[in-house]
Amino acid sequence: MGGTGGIGVQLEPAANDSADVRAALSRLRRATGLPVAFGGLLAGTGRYRINELAGTETTVLHGLDIAQGNGLGGKAATLCRPLAVTDYGASSVISHEYDAAVAAEGLRSVLAVPVIVRRRVRGVLYGALRRPVRLGDRPLSAAVEAARELEQALVLQDEAARLLAEALPPAAGARKAPPGPGAGAGDPARWEEVREAHGELRALAQRVGDPVLRRELLAACGRLAAASSRRGGGGGAEGGTGSAGVDPGLSPREVDVLACVASGATNAVVAERLGLRPETVKSYLRSCMRKLGAHTRLQAVVAARRVGVLP
């Protein structure tokens with residue numbers, strides 16, 4: 001674990017990251033049977049900040065930084081593998097810069113597992129006991145599984161960030177805005193990229209466990225669709241009877257299906273992306289066409305774009 005001295009500028013973990021870390025700690029405690037768990041993600045070059053605690057009796061560990069190579073967690077991060085010590089304060093295999101914090105919480109046996117995403121250590125998870133007991137392979141393996149699930153959640157967040165960056169180019173300030181009536185707004189190739197990203201974002205949102213991140217992804221999809229509606233996208237002879245600005249009453253799942261269809265996906269591919277049966281996809285499509293006054297898949301997509309449901 002790390003100390004608080006000599007800290008430079010720190011990068012606070014996002015709220016979504018904190019929720020994922022909390023979920024991982026909960027899984028770690030259940031799977032290992034260890035009563036105490038804590039952890040955190042990257043907080044600057046070579047440092048990982050403990051920002052989530054579970055089962056602790058004090059807050060002494062909260063906000064501590066793990067310096068790469070220092071303590072149990074820093075060594076686990078450096079070696080990129082899980083480690084455990086039977087008695088933290090007496091261990092001869094780790095450095096002891098942070099014994100005071102460990103002792104203040106009353107911890108003895110401790111394990112640490114690095115969280116690795118695309119060969120880069122993004123954080124560390126800990127499990128601990130208040131008595132000196134040798135932690136065998138079983139709790140270590142269970143802790144590794146909890147870390148793997150957190151890694152998958154971070155991969156999804158990275159993919160979501162990538163798609164958002166592609167679909168929502170930077171506007172003035174820190175916030176991003178969808179392309180609108182400005183430079184590049186009339187570029188057909190650019191709008192095809194936006195539409196493809198929109199479909200991927202909606203499909204990805206269904207796989208994200210964190211409800212806050214899911215809402216953010218769907219809100220971004222809504223901004224993309226609204227930008228297309230302002231642009232006047234979706235007109236032409238191949239449309240249904242939907243009118244611009246009129247809500248056709250499509251369900252979120254129906255929009256998911258249409259977004260995939262708009263990217264050129266077959267019913268089988270749509271079913272695979274969304275975890276549905278092909279027959280269910282067909283049922284959603286029939287409902288979409290009825291609500292949009294369309295007779296074909298293409299007409300349904302065009303009508304959905306006209307009313308601002310799809311970009």
Side-chain angles (χ1 to χ4, degrees), residues 16 19-20 152-153 155-168 176 178-179 190-231 233-234 238-311:
N16 299 322
D20 288 328
Q152 290 304 308
V155 167
L156 286 178
Q157 288 197 27
D158 289 350
E159 181 66 6
R162 180 188 69 79
L163 289 170
L164 284 171
E166 290 180 0
L168 305 179
K176 293 176 182 267
R190 172 61 182 154
W191 274 96
E192 284 308 311
E193 292 177 6
V194 169
R195 287 165 174 168
E196 183 176 349
H198 174 270
E200 292 181 33
L201 281 171
R202 286 203 69 96
L204 183 63
Q206 306 309 315
R207 298 164 51 201
V208 172
D210 178 50
V212 175
L213 178 58
R214 188 185 305 117
R215 285 195 299 270
E216 290 180 357
L217 292 177
L218 293 176
C221 290
R223 296 202 303 275
L224 292 175
S228 178
S229 180
R230 291 193 301 270
R231 172 179 174 265
E238 285 288 345
T241 59
S243 300
V246 177
D247 182 3
L250 298 180
S251 71
R253 213 51 166 156
E254 288 170 345
V255 177
D256 292 338
V257 169
L258 269 186
C260 290
V261 169
S263 70
T266 64
N267 287 355
V269 172
V270 174
E272 183 179 356
R273 284 184 186 175
L274 300 179
L276 302 172
R277 296 173 57 191
E279 295 77 11
T280 305
V281 171
K282 291 178 183 178
S283 176
Y284 279 130
L285 275 175
R286 286 194 295 268
S287 178
C288 290
M289 289 188 287
R290 176 179 55 80
K291 292 178 179 179
L292 292 164
H295 301 289
T296 67
R297 293 155 58 97
L298 176 57
Q299 286 183 358
V301 168
V302 173
R305 286 172 177 167
R306 179 180 294 130
V307 299
V309 173
L310 296 179

Could you list the residues that satisfy side-chain contact (heavy atoms from CB on, under 4.5 Å) with [X], not counting sequence neighbours?
X	value
A203	L274
A153	D20
S283	R286

Does anything in residues 270-280 pair up under side-chain hydrogen bond (donor to acceptor under 3.5 Å, both in side chains), and if so which pairs, sequence neighbours excluded?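 Pairs touching residues 270-280 that pass the test: S263-R273.
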R253: salt bridge (charged side-chain N to carboxylate O under 4.0 Å, His left out) partners, not counting sequence neighbours: D256
Using only atom types and a distance under 3.5 Å, with no angle test, would you say the side chain of K291 pairs donor to acceptor with the backbone of G249? yes
Tell me every residue that passes side chain to side chain donor-acceptor pair (under 3.5 Å) with R297, counting only those two or more places apart in sequence or in another chain.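 Partners of R297 under the side chain to side chain donor-acceptor pair (under 3.5 Å) test: N267.
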Single hit among L310, L258, V307 for side chain to side chain contact (heavy atoms under 4.5 Å, CB included) with L250: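 Among L310, L258, V307, the one meeting side chain to side chain contact (heavy atoms under 4.5 Å, CB included) with L250 is L258.
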If you compare all heavy atoms of [X] against all heavy atoms of [Y], which two are closest, and at what distance to 0.1 Å?
X	Y	value
P252	R202	O-NH2, 3.3 Å
G199	A259	CA-CB, 4.0 Å
P311	R305	O-NE, 3.1 Å
A300	A294	N-CB, 3.4 Å

In the structure I gave you, are the side-chain heavy atoms of Y284 and L276 within less than 4.5 Å of one another anywhere?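 Yes, at least one pair of side-chain atoms sits under 4.5 Å.
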Distance, nearest 0.5 Å, that separates CD of E254 from OG of S287: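 It is 3.5 Å, given to the nearest 0.5 Å.
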